[in-house]
Amino acid sequence: MQYCPNIDISIPFLLPRFSLRGRLVRLQDINAKILSQHSYPFPVAKALAEFLAAGATLAGLLKYKGVFTIQTKSSGPVNLAVVDVTHEGHVRGYAQFNAKKIRQEDTFRELFGRGYLAFTVDQGLMTDRYQGIVTLNHETLSYALEHYFDQSEQLETRLFIASTKTAENIWKSAALLLQQMPSKKVDEETWDHIGALLNTLSPEEFLDFSIPYETLLHRLFHEGGITVFDPVPLKAQCRCSKERIKIFLSTLTSDEIEELLEKGQLKMTCEFCNHHYEFNRQDLMTVH
């Protein structure tokens, strides 16, 4: 397999000797675009970069046609973080926060406090939505996600998630997931061995994208008889548009639309990409 130069990728792999499946996600250009759309303090940007990597990793485990969403709602200064990934690999995300309560040295737990972490798969009106929820009260995002899989899915899972801002002001993030296959039970000795392997991986090496992903994975897991599959490309892509907003506005009555107008204009901003939309009264006459 040739090295894929695309740095926004999701790479599935199998470790048959360990009865594990895995996925490695690397993000750089996606972070650059999404994190630049709002003015995020350093610790919030770091956390959101890790959420973007985690969201892309979890979405890669599923077979779906629609949108996978990971979302927090919590009591901390970052009261909301949302990442969603379409089946086409289009990623978007944002965080809401109280800038006055953010400190440069805040940890994950200090940023988010107590609350919940929810996962949703939306495949359209003709399909039931899947949703899973876990309490958010953990030291790291990795621990919160591992707890969800252990308690809710009964699939023992290990996650390694990291992010960094380089000297060139480039945000990198990556996630490595290992999970028992649904039909297999992995013994504690194997998990201890996996833990020992992950302990040899430094965040600096993990986030060094000049190292081909095959090299990294084979160094870590060659004992597992690793099979690495073709990478899946990922892209930062918001789904907002003037047409989508008009569809939403068509659900409102004329009186409700009139109440939203200010000096004959309606202004709306996408929470994800921060793009501004403006409609005049003539534009809105066409939605009904």
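Bear in mind that the values here come from a model prediction, so they are computed numbers and not experimental data. Just so it is clear, the values below take in all heavy atoms, side chains as well, and ignore hydrogens, waters and symmetry mates. In this chain, residues are counted from 1 in sequence order.
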Review point. Is T86 close to R239 at the side-chain level, that is, under 4.5 Å between some pair of heavy atoms?
Key: yes
- [ ] State, with a plain yes or no, whether a side-chain heavy atom of R26 is found less than 4.5 Å away from one of I7.
- [x] no
With a 4.5 Å cut-off on side-chain heavy atoms, are R103 and P43 touching? no
- E189 atom CD, over 12 foreign heavy atoms within 6.0 Å: no
(message) In this structure, would I170 and I211 fall into the same cluster of hydrophobic residues linked by side-chain contacts under 4.5 Å?
(response) no
With a distance cut-off below 6.0 Å to the six-membered ring centre and an angular limit of 45° from the axis, does K172 pair with F209 as a cation-pi contact?
yes
- Task: Please assess F42 against Q104 for the test side chain to side chain contact (heavy atoms under 4.5 Å, CB included), listing each intermediate value before the final yes or no.
- Result: CA-CA 7 Å; F42 179 89; Q104 189 76 0; 3.6 Å; yes
Legend entry - K101, NZ: over 12 other non-hydrogen atoms inside 6.0 angstrom: no
For this session: Decide yes or no on side chain to side chain contact (heavy atoms under 4.5 Å, CB included) for L234 and V25, but give the supporting numbers first.
Result: CA-CA 9 Å; L234 302 169; V25 164; 4.3 Å; yes
*Ring centroid separation for F160 and F206, is it under 6.0 angstrom?*
yes
_Quick check: do E156 and F149 have side-chain heavy atoms less than 4.5 Å from each other?_
no
message = For the backbone of G66 and the side chain of H87, can you confirm whether one donor and one acceptor N or O come within less than 3.5 Å of each other?
response = yes
Here the gap from E139 atom CD to E110 atom CD, rounded to the nearest 0.5 Å, amounts to 8.5 Å
- Note, D29 side chain near K33 side chain (heavy atom, < 4.5 Å): no
Neighbour count above 12 (heavy atom, 6.0 Å) for R219 CZ: yes
Note to self: Any heavy-atom pair between the side chains of L58 and L62 that's under 4.5 Å?
What the structure shows: no
Closest non-hydrogen atoms of L117 and T72, given as atom of the first, atom of the second and distance, are CD1-CG2, 3.4 Å
- Task: Report whether I226 and L197 are members of the same hydrophobic cluster (ILVMFWY, side-chain heavy atoms less than 4.5 Å apart, transitive linking).
- Result: yes
Original post:
Less than 4.5 Å apart, any side-chain heavy atom of H90 and any of V85?
Top reply: no
Is D150 reaching over with its side chain to a backbone N or O of H147, donor-acceptor style, under 3.5 angstrom? no
- Going by heavy atoms in the side chains, are T200 and L220 under 4.5 Å from each other? yes
- Message: Centroid separation under 6.0 Å, is that true for the rings of F108 and Y143?
- Response: no
Do we see a donor-acceptor contact under 3.5 Å between the side chains of E146 and H138?
no
field: Distance-only polar pair, side chains of S74 and N79, donor-acceptor under 3.5 Å
entry: no
Between the side chain of Q151 and the main-chain N/O of Y148, is any donor-acceptor distance below 3.5 Å? no
Without swapping roles, check the side chain of T135 against the backbone of N137 for a donor-acceptor pair under 3.5 Å.
no
Here the pair of heavy atoms bringing I70 nearest to G55 is CG2-CA, 4.0 Å
Distance-only, no hydrogens or angles: does the H38 side chain make a donor-acceptor pair with backbone N or O of C273 under 3.5 Å? no
Note to self: Please check this pair: side chain of S75 against backbone of R114, looking for a donor-acceptor N/O pair closer than 3.5 Å.
What the structure shows: yes
Closest non-hydrogen contact found for N31 with S173 is ND2-OG, 3.0 Å
* Side-chain (Q96) to main-chain (L80) donor-acceptor, under 3.5 angstrom -> no
Margin query: Within a 6.0 Å radius of atom CD on E105, are there more than 12 heavy atoms belonging to other residues, nucleotides or ligands?
Written below: yes
Practice task
Over 60° means perpendicular and under 30° means parallel, so classify the ring planes of F279 and Y277, tilted if in between.
Solution key: parallel
Exercise. Side chains of Q71 and T69: do they bring a donor and an acceptor to under 3.5 Å?
Worked result: no
Practice problem: Determine, stepwise, if the pair V83 / L48 fulfils side chain to side chain contact (heavy atoms under 4.5 Å, CB included). | Solution: CA-CA 8 Å; V83 170; L48 183 54; 4.2 Å; yes
Within the side chain of R158, is there an N or O that forms a donor-acceptor pair under 3.5 Å with the backbone of G195?
no
How about D208 and S210: does a side-chain donor come under 3.5 Å of a side-chain acceptor? yes
Q) Is R92 paired with D84 through a side-chain N to carboxylate O contact shorter than 4.0 Å? A) yes
To the nearest 0.5 Å, atom CG of L216 lies from atom CG of L176 at 7.5 Å
Between the side chains of S163 and E50, does any donor sit under 3.5 Å from an acceptor? yes
When every non-hydrogen atom of Y64 is compared with those of V121, the smallest separation belongs to CB-CG1, 3.8 Å
Which of Y40, F51, F272 passes ring-ring contact (aromatic ring centres under 6.0 Å, His included) with Y94? It is F272
Worksheet item: Can Q180 and F18 be said to form a side chain to side chain contact (heavy atoms under 4.5 Å, CB included), step by step?
Response: CA-CA 8 Å; Q180 72 178 53; F18 295 154; over 6 Å; no
> Between S202 and E205, does any side-chain donor sit less than 3.5 Å from a side-chain acceptor?
Replying inline: no
Side-chain donor/acceptor of Q265 to backbone N/O of E262, under 3.5 Å = no
Between I257 and L249 the two heavy atoms that sit nearest each other are CD1-O, 3.6 Å
### Message
Assess whether a salt bridge exists between K235 and E88, defined as any Lys/Arg side-chain N lying under 4.0 Å from an Asp/Glu carboxylate O.
### Response
no
Inset, instruction - Check whether any side-chain N or O of D106 sits under 3.5 Å from a backbone N or O of I102 as a donor-acceptor pair, and report yes or no. - result: no
What one should report as the nearest heavy-atom pair of T57 and A175 is OG1-CB, 3.2 Å
